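If you're wondering where the values come from, they're calculated on a predicted model, not measured in any experiment. Counting convention: from 1, in listed order, for ligands and their atoms alike.
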Amino acid sequence: MNDCIFCKIVSGKIKTEIVYSDDRVVAFEDSNPQAPVHTLIIPKKHVPTMNDLEETDGDLLGHLMLIGKQIAKEKKIEDKGYRLVLNTNREAGQSVFHIHLHLLGGRPMGWPPG
Ligand code: 5GP
Ligand code: ZN
């Protein structure tokens, strides 16, 4: 999608340090980190929200989660703990409408989330 900031990161039009990339997903550091570890894992294809995913996207969603787990391990937070968060629409705080999985960790976190 032309005006999507995350599509521009996928295509390289916006330069960002890429943490991980393969044929289906890209991961990069959040520009406004909310924890010592705050990495975003996104599909390369433009999907605006979780609501737009279809049954056939199950593998893609699972892949995002597994890459989140892998990066948590690389960042050595897998034992202490981390969160994988996918905000959907306004009340959940979604601000970029290209789905993205937040990997958050490196500090204690409260529950329920605000
Ligand atoms: P949301 O609020 O939609 O769940 O999360 C969007 C996230 O994307 C926010 O944490 C925000 O800091 C991050 N973000 C927005 N624009 C950019 C950008 O241009 N580069 C990077 N690296 N992160 C961004
Ligand atoms: Zn996009």
Problem set entry | Aromatic ring proximity His100/His98, centre distance under 6.0 Å | no

Exercise. Any idea which part of Val85 is under 4.0 Å from ligand 1, heavy-atom wise: side chain, backbone, both or neither?
Worked result: neither

Exercise. How far is atom 2 (O) of ligand 1 from its nearest protein heavy atom, and which residue and atom name does that atom have?
Worked result: Gly93 O, 2.8 Å

Exercise. So which bit of Phe6 gets within less than 4.0 Å of ligand 1, heavy atoms only: side chain, backbone, both or neither?
Worked result: side chain

Exercise. When you measure from atom 18 (C) of ligand 1 to every protein heavy atom, which one gives the shortest distance, and what is it?
Worked result: Ser31 OG, 3.8 Å

For this session: Just need the protein heavy atom nearest to atom 15 (C) of ligand 1, so name the residue and atom and give the distance.
Result: Val96 CG2, 4.0 Å

Problem set entry | Of the N, O or S atoms in His98, the one nearest the Zn ion (ligand 2) | ND1

For this session: Restricting to N/O/S, name the atom of His46 that gets closest to the Zn ion (ligand 2).
Result: ND1

Problem set entry | Short side-chain to backbone donor-acceptor contact, Gln34 and Asn32, under 3.5 Å | yes

For this session: Starting from atom 10 (O) of ligand 1, locate the nearest protein heavy atom and write down its residue, its atom name and how far away it is, to 0.1 Å.
Result: Asp30 OD2, 2.4 Å

Problem set entry | Side chain, backbone, both or neither: the part of Glu29 lying under 4.0 Å from ligand 1 by heavy atom | backbone

Exercise. Given side chains that start at C-beta, do those of Leu60 and Val25 come closer than 4.5 Å, heavy atoms only?
Worked result: yes

Exercise. Hey, does His102 sit under 4.0 Å from ligand 1 if you only count heavy atoms?
Worked result: yes

Problem set entry | Residue, atom name and distance, where the atom is the protein heavy atom closest to atom 1 (P) of ligand 1 | His100 NE2, 3.0 Å

For this session: Verify the cluster assignment for Met50 and Phe97: are they in a single hydrophobic cluster under the rule of side-chain heavy atoms below 4.5 Å apart?
Result: no

Problem set entry | Donor-acceptor under 3.5 Å (Lys76 side chain, Lys73 main chain) | no

Exercise. Tell me, which protein residue and heavy-atom name are nearest atom 19 (O) of ligand 1, and how many Å apart are they?
Worked result: Ile5 CD1, 3.4 Å

Exercise. Where is the nearest protein heavy atom to atom 3 (O) of ligand 1: which residue, which atom, and how far?
Worked result: Ser95 N, 2.6 Å

Seminar exercise, completed: The answer for which part of Asn87 has a heavy atom under 4.0 Å from ligand 1 is side chain

